Amino acid sequence: MRVALLADFPVHTLPGFADRQPGHHATWLPPLALELEKHAANLDLHWITCTKDVSRATTVHAWNQTFHLVPRRKLSLEILTVFRRERRLISELLHSLQPGLVHAWGTEQGYALAALDHSPDSLISMQGILQVYCKAARMPWFTRIQARHEARVLENAHHLTVESPWGESQLRRLAPQADIHHLEYGAAPGCFEIQRNPAERPLALFVGSPYPLKGIDTLMQAFSDPRLHHIELLVLGTRNPDIVRHPLPAHIRLLGHRPPDEVRDWMSRAWCLVHPTRADTSPNCVKEARVIGLPVVTTPNGGQTQYVEHGKSGWLHSAGDVDGLIEGVLKVTQNLETSLTMGACRKDECRTRLHPSATAARMLEIYHKAGSADRPTPT
């Protein structure tokens, strides 16, 4: 069977594109493609990706799969026009490919809309759930527009996948007509090779976008409190000028966006990961931390509770609860032995669940459950 996968695939991982800018958010897709090479020999897989890394339509073959790269213009213009141009180009490709199943990843861009343009029986895999995020915190204007596009998708989708029970509960309310399947995205393979090497001084790590949705305001208030001045905090991710308007205490360092290998090195040296999110379908940083064996201080507002058990492998506090975050960090970092013991709790289980091979196997099961094997090829 031929399957078209519409996704924002990290182009820099493809042959001939190694010089392109890394640091892509969809870190789980290249490992998934490698696993599909092993487990999906009976499928003819065609990825369709819109990217600024090409100026004309380009086809790349890798891992016994075909990648169709569509030139992208300014993303903000695409968002404002409901991805009209990209949807047309994708539609032309799908008409040429005649896939038995279309599988689109994410509602942030035009892929899900393009998939449903082709067939309401297309499979849509959620990344974030933007409508929920916009209610949880003040989001940028373009995200609010994307959330409106997402609403159209969820009103019409027949088959959805989501990474967590938390996400499933949100989708049951937003898309009651859809069949919803649980599909966790694997952690990056490099995480499975990292051994913890904690710093001598207690070190807490925040990885992600430093915006209100991720609880950066709670984080800054907590670590500005004298009770945490003995713990160094590193903030890795896109810089946000709103959090540097005032001088920060010396033990808080903003390192900005860092390469994946450096992020994992910091995870190996940290005593805990802090993730005070207000809503999160299933954060990559928490998955990577747990695969490495790092305890996590976070909230119950998301799918991260699949990997973090309160008082055992981390600490949960209410979103926006500064004192709760402080208490959690103090509990987890009271001594190095506590950090190591909590990090090791259910680590092997997380490594099994979050291996890319598990994602590939589950995805193929969902293809079967969605009825794709019996669906005739469109004419």
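Predicted model only: the values in this text are computed from it and were never measured.
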Tell me, with the steps shown, if Trp47 and Gln65 meet side chain to side chain donor-acceptor pair (under 3.5 Å). CA-CA 8 Å; Trp47 297 79; Gln65 297 159 59; 2.7 Å; yes
Answer yes or no: is there an ion pair linking Asp348 with Arg353, defined by an N-O contact shorter than 4.0 Å? no
Do the ring planes of His275 and Phe206 sit parallel (below 30°), tilted (30 to 60°) or perpendicular (above 60°)? parallel
Using 30° and 60° as the class boundaries, would you call the ring planes of His181 and His159 parallel, tilted or perpendicular? parallel
Euclidean distance, His149 NE2 relative to Gln131 CD, rounded to 0.5 Å: 12.0 Å
What about the rings of Phe67 and His61, do their centers lie closer together than 6.0 Å? no
Heavy atoms from other residues, nucleotides or ligands near CZ of Arg84 exceed 12 (cutoff 6.0 Å): no
Taking only Lys NZ, Arg NE, NH1 and NH2, and the carboxylate oxygens of Asp or Glu, determine whether Asp53 and Arg72 approach each other closer than 4.0 Å. no
Basic-acidic side-chain contact under 4.0 Å: Glu155, Arg152: no
Is Arg269 close enough and on-axis enough to Trp266, meaning under 6.0 Å and within 45°, for cation-pi? yes
Under the criterion side chain to side chain donor-acceptor pair (under 3.5 Å), I'd like the reasoning laid out for Glu108 against Gln146: C-alpha separation, chi angles, the key distance, then a yes or no. CA-CA 6 Å; Glu108 294 83 356; Gln146 289 170 305; over 6 Å; no
Correct closest heavy-atom pair for Ser164 and Thr281 would be OG-O, 2.7 Å
Residues Glu78, Lys74: salt bridge by 4.0 Å N-O rule: no
Salt-bridged, Arg88 to Asp117, with N to O below 4.0 Å? no
Distance only, no hydrogens: is a donor on one side chain within 3.5 Å (strictly under) of an acceptor on the other, for Thr161 and Arg362? no
Considering only heavy atoms from C-beta outward, does the side chain of Phe83 approach that of Leu75 to under 4.5 Å? yes
Nearest heavy-atom contact between Gly100 and Met1 is CA-CG, 4.3 Å
Scanning both residues in full, the closest heavy-atom pair of Pro202 with Thr333 reads CB-CB, 4.5 Å
Indicate the ring-plane relationship of His68 and His46, choosing parallel, tilted or perpendicular according to the 30° and 60° boundaries. parallel
Would the distance check show the side chain of Trp271 and the main-chain N or O of Val332 forming a donor-acceptor pair, the cut-off being under 3.5 Å? no
For the rings on His317 and Trp315, is their centre-to-centre separation under 6.0 Å? no
Got Leu69 and Val60 here, is their nearest side-chain heavy-atom distance under 4.5 Å? yes
Heavy-atom nearest pair, His39 first then Ala360, reads CD2-CB, 4.5 Å
Glu337 atom CD, over 12 foreign heavy atoms within 6.0 Å: no
If you take all heavy atoms of Ser125 and His103, which pair is closest and at what distance? OG-NE2, 2.7 Å
Rounded to the nearest 0.5 Å, what separation is found between the CG atom of Leu97 and the CG atom of Asp44? 8.5 Å
For the pair Ser313 and Val296, evaluate side-chain contact (heavy atoms from CB on, under 4.5 Å) and give the outcome as yes or no after the intermediate values. CA-CA 7 Å; Ser313 56; Val296 180; over 6 Å; no
With side-chain contact (heavy atoms from CB on, under 4.5 Å) as the test, pick out the partner of Thr359 among Leu354, Leu36, Leu29, Leu32. Leu32
Does Arg173 have more than 12 heavy atoms from other residues, nucleotides or ligands lying within 6.0 Å of its CZ? yes
Could you walk me through whether Asp8 and Gln109 pass the side chain to side chain donor-acceptor pair (under 3.5 Å) test, one step at a time? CA-CA 8 Å; Asp8 208 21; Gln109 300 190 32; 2.9 Å; yes
Is Ser91 reaching over with its side chain to a backbone N or O of Arg87, donor-acceptor style, under 3.5 angstrom? no
Could you check Ser282 against Tyr307 for side chain to side chain donor-acceptor pair (under 3.5 Å), going step by step and ending with a plain yes or no? CA-CA 10 Å; Ser282 191; Tyr307 324 114; 3.1 Å; yes
